[in-house]
Amino acid sequence: MRNHEILEAKAAGAVGRLALGVALLGAPLAWTIHFLLSWGIAEWSGLSGTLTNTILGVTSRAWLLIGVSIVAVAIGLASTFIAHWCVRRLKPLEADATGTAAWFVARTGVVNGYLFTFVVAVESLPIFYYLRDA
Amino acid sequence: MTSPPGGHDSQKVSQFERTWSSPSGIAGLLSAVNYQPLAKRYMVISFAFMILSGIMALLIRVQLAVSENDFLGPEVYNQLFTMHGSVMLYVFAVPFLEGLSLYLIPPMIGSRDVAFPRLTAFSFWTYFFGSLVFISSFAFGTAPDAGWFAYTPLSTARYSGISLDFWVLGLGLIEIGGIAAGAEIVVTVLKLRAPGMALDRMPIFAWAVLAAGIMILFAFTTLLTATLLLELDRSINTRFFDAERGGSSLLWQHLFWFFGHPEVYIIFLPAAGIVSMVVGTFARRIVAYRLIVVAIVLMAFVSFGLWVHHMYTTGLPELSMYFFAAASLMVSIASGMQVFAWIGSLWGRRPQLTTPLLYVLGFLFIFVLGGMTGVMVALVPFDLQVHDTYFVVAHFHYVLIGGAVFPIMAGLYYWMPKFTGRMLSRRLGTWSFWLSFIGFNLTFFPMHVMGFFGLPRRVYTYPKELGLDEYNLISTAGAFILAGGFGAFAIDFLLSLRRPADAPNDPWGGDTLEWSIGSPTPSYTFDTPPIVRGRHPLWITDAKAADGEASVRAQAALTFAPSNWRATLSTDVLTGEPQAIQFLPGPSYLPFIAAVGLLVASIGILLKAYLLLPVGVVITAGALLRWLWPSEKVIRMLRESPVPGEAGLPVFLTGYRSTGWWGLLCLITVLGTFFAALFYAYFYIRLFSEQWPQDGLPRPDLLWPGFAILLLIASGGAFWASSKGHRDAHRGLFYGGLIGAVLLAVLFLGLHGFGLTQPTFGPQTNAYASLYYVIGGSLGLLVATGLVVLAAALVRSRRDFEDRGGFMTLQMQLTSYFWNFVVITGVVTFAVVNLSPYVI
Amino acid sequence: MAWLSAIGACDCVGRRRTLVWLCALVVSISGCQGERIQSALHPASPASGAIAWLWWLIFGVTSAVFVFVMILALVAMLRRRGPDPDPPLGGTLFVVAGGIVMPSIILVGFLVASLNTSKTLQQPESDLTIEVVGHQYWWEVRYPDQAIVTANELHIPAGRPVRLELRSADVIHNFWVPQLHGKKDMLPERTNEFWITADQPGVYRGQCAEYCGLQHAWMAFYVVALSPDEFDEWVAERRKPTAEPPADSVLAQGRDVFFQHKCHTCHAIRGTAAEGVIGPDLTHLGSRLSIGAGVLPNTPGDLAGWIVNPQAIKPGNRMPRIYVEPNDLHALRAYLETLK
């Protein structure tokens, strides 16, 4: 096993901290945005009775919520992609570098990305039961 | 590691030990800042409160043992169930786990103390005073009786007496202590890990308390804001929760549960961290480390998206409730991942069945069952039936006693040698476990059925015709068996104190650093800073060569050193590379005095002796100023010390490398959450109002406030120029910018204050008016605080303008972040209060 | 070996107790029909039926999962093959399969089941509206279209959905008749819409389910479901002009006692000068099932006891203790009993 500090320095050269941060927390932030917006829209329009006009048989409230969900899933997938990219960048370093903190964060980011994107998708499910009412 | 290696003369060693010891007697009691005595006090006091609260629970169970019982009567019963819940959740669970974390984190991550030792002391004293205020209500015969959730309007002045003031003010102090401890834990875990402890080598317990600490910053601040609004309603008749004057009782529920649900996970996460440590030691491995970390992140986020599942029956739009239902279901994936990781780790490892492991196995049974009922109550239609019934009582006792108290007991048996230097008895431990386990299930399992058969929560009695006497009697009997389990532990603990403190360093063969040092942990924790070579540092026996040069050099320089000041290593957040020698302050009375100031202010509000309020504020503010003001003597001592040179590391860091930067980030998070909660309240009440501003009040001015906010923005620009002046060593620009920033801010404050005196309505007029004044007043206080920070930079610069490598640069950076935050908050406030009534 | 036997013992006790409990639960829940007057698992309406069905579904699935996880934990502890055995599929995949995939499938299923149940609970069309106002600690019941005011009892026609308008006069209360539907809060700031249906005529007990202060425990009420004909009769009865002058002297004395003791400042009796709104409307007191929102049955003795000292029976309710001469008390009680 090589000197830990040298390995960490190599890993740091391969991917920046911003990329790692996005890889790790991008999807959780997508979840946060999705959750707050969905709740805000549903609560506000449900209580005030707005956004009830229908387009193609579906209320504009539901369209708006579907749009928010699509954007959130896209952000989640994008951050998952960035996590994959970080993993790829770190792999060619010598075998030991896969033991570095950067490697760990990138791999964790991949799992985080898929899991949180899945959660966002599941949380969009109720919209399809309330396409016409609140 | 405890005996001084050759080459260290005994004089230096004893000076090192002296530097780290706390003063004795009363002085030590009030001025100690070491984490050990403070964390121990946290644990002992909160555990004592748990026992007290457990006794209340027994009285409750006696009252409910048979139908239509008159053992207690409604008044006492309502006080007892309120205080039982409040004490367990506010005074026991979180403070105990914070104490446990504060005690274990430094030795576990290889640090000599926490990042801000005086903040630990401040946290403890505010907690202590808060818990005294809380419990003293019993002595005055007016214990709170509106439930641990204190729903408005029942908790407002119209329906409750002074008892609720005890509740609100005690809770306020406890929350401040909790937030301080949370920030402390976050910065310590991020910045003070041993060299080599990269993020992927952190013990899972450290991950768990890191997540819980961050959650505390958001959740506790929201509750603090809610209790502040409630106290304003109670004491000066603002109208936030007064439905007759445009307020909303549901606003309280939203704010409360935005705290209340994460609170459960703030308790569960560290408890699950304990389980991971115990399982890891006895199974001698932990599988799927990464997935456990992911589960912790999932819980930390998604637990903030569950709060409305306490409000399914309030009549919110169904779709909006279903977002919370979906989130509530998804969060249980995080529990599932951890449960399977623990089972997978234990798989075929044939661990020794010690008391800690017994408690962990009991935890698995109870927690998984509680998790199942948790999934059930997340479902909207099902919850309509069981909400606020004994089914829910059963559910949350399964997750809180099973999910937190059992792991805490496991942790106490596991780490007791580190706390007291003594092992607990295996025999009594086994008794304690089986009594607790059987008693627990007997007490709480029948409650599921009682809920189905129509028993609501919080009733002091129930009619015989419900047919629940047998179930209740079993439950009451079980409660006494459960109490016997805790009794066995208490006897075990007290007996152990009579034995000599002769526990070995590592009785269980643990893998983490706390097992490498003495039992109990010495006041300096590590005489030699450890270097971490893997996820299980104590199980790695080879590979000395893997240590980095910088780490080895720092380790050598810090062995029994520095001997005349307290120091530990500060490392990189991600990689754990050594970055600096972190100075840690010694004993101080200031945290105690600052906490006393808060206590005086609270008593002033409690007794409606409002003169005490400014007295308390002045005491606290004075102590804080003195505390934060850098000591000339210390800076000189640090500059002259040879240790940094030997270690090849600086003592002053700037930017995100410094602990100060992270501390400030925590502070800004707290303040930002406070304002976010106020803005949320504004728009929530706006949503329910047919007319805005309510009752035909005039819309706020745009012109003068707009001009004022431009002044504030200009002040931000001026400070930016001043920072540049400092960086470029340009005195003219520095002073011009700084003085300009101060003057512009003073001007803003004057205009803003003047603006608040102008309206024809007062804060009691209606909810809109209350919001208008409270948000405006909060901004004024924030800008005034910012002014003090600016002025401090100005005063400091007269002495240290030339200091560009360290302290002064850091001060300018932090001042700049803080002032930017103030300016941004000012702009957002303007947009919310002045602009939004014209737009929506 | 000691640990093995300990684990074995633990297992037997744990498993047996679980089994006993599960049996006890199933037996006790499904066994004693008829005795349960406030049970969510003895549904008497489509809404409660749908919720109970959802419960049995999730109960079955979660029980299976619980047993499965406990067996896994047991096997993990007892298994002793190989020096360094990994869990099935290896550590990571074991966690992914058991901790992510399995719960995801089950939980999404639960979400769908829940959404479907919610759809069946949508507010139906209804031609009868009842307003229920929560007070500390009693229920004001109004039939706006029929001009009926009563308290602590709802009379509804069986088989017809009834629309409810719920609100509170003071703190938050919660309307709950488990056999007819779930819960709905009664808030001071707005009216919540809700509905109940009773499949069969009968009496169903309900209770306040949101902690509302000192006497939260004794804030109960009854829903009396009548056959459609009986309900029409009941309405007609209530709409008759009431309070004809008392027929005999005792009753007349009772009515005078009522006014002498200022009962009318809080209570109303339609057709008399009593128009108080602080306490329950007494126009039909004589026909009610209970006194004090469920705290006592409506018998002559209990009514007298209640009048003499309501604070001893239900401490903290708003009715003050009034001293009434025994003779007067007898007359007052007799008078109140005639109000049907």
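Every chain is numbered from 1, with letters handed out A, B, ... down the list of sequences. In this text, all values refer to a predicted model and were calculated from it rather than measured experimentally.
- B:V331 does not touch chain A: none of its heavy atoms, backbone or side chain, sits under 4.5 Å away.
- Residues of residues 65-84 of chain A having a heavy atom under 4.5 Å from any heavy atom of chain B, listed by number: A:L65.
- Residues B:L291 and B:F340 are not in side-chain contact: their nearest non-hydrogen atoms beyond the backbone lie 4.5 Å or more apart.
- For an aromatic pair to be called close, the ring centres must be under 6.0 Å apart, and A:W31 with B:F304 fails this.
- For A:I41, no part lies under 4.5 angstrom from a heavy atom of chain B.
- Between B:F323 and A:H34, the two ring planes are perpendicular [angle over 60°; tilted spans 30° to 60°].
- Heavy-atom distances place no part of A:Y129 under 4.5 Å from chain B, backbone and side chain included.
- Within residues 48-59 of chain A, the residues that have a heavy atom under 4.5 Å from a heavy atom of chain B are A:S48, listed by number.
- Both the backbone and the side chain of A:R107 come within contact range of chain B, with heavy atoms under 4.5 Å apart.
- By the 30° and 60° cut-offs, the orientation of the rings of A:W39 relative to B:H254 is tilted.
- With a 4.5 Å cut-off on non-hydrogen atoms, A:S38 touches chain B through its backbone and its side chain both.
- Only the side chain of A:L115 comes within contact range of chain B, with heavy atoms under 4.5 Å apart.
- Neither the backbone nor the side chain of A:L24 comes within less than 4.5 Å of any heavy atom in chain B.
- In this structure, B:K191 and B:Q579 have side chains that are in contact, with non-hydrogen atoms separated by less than 4.5 Å.
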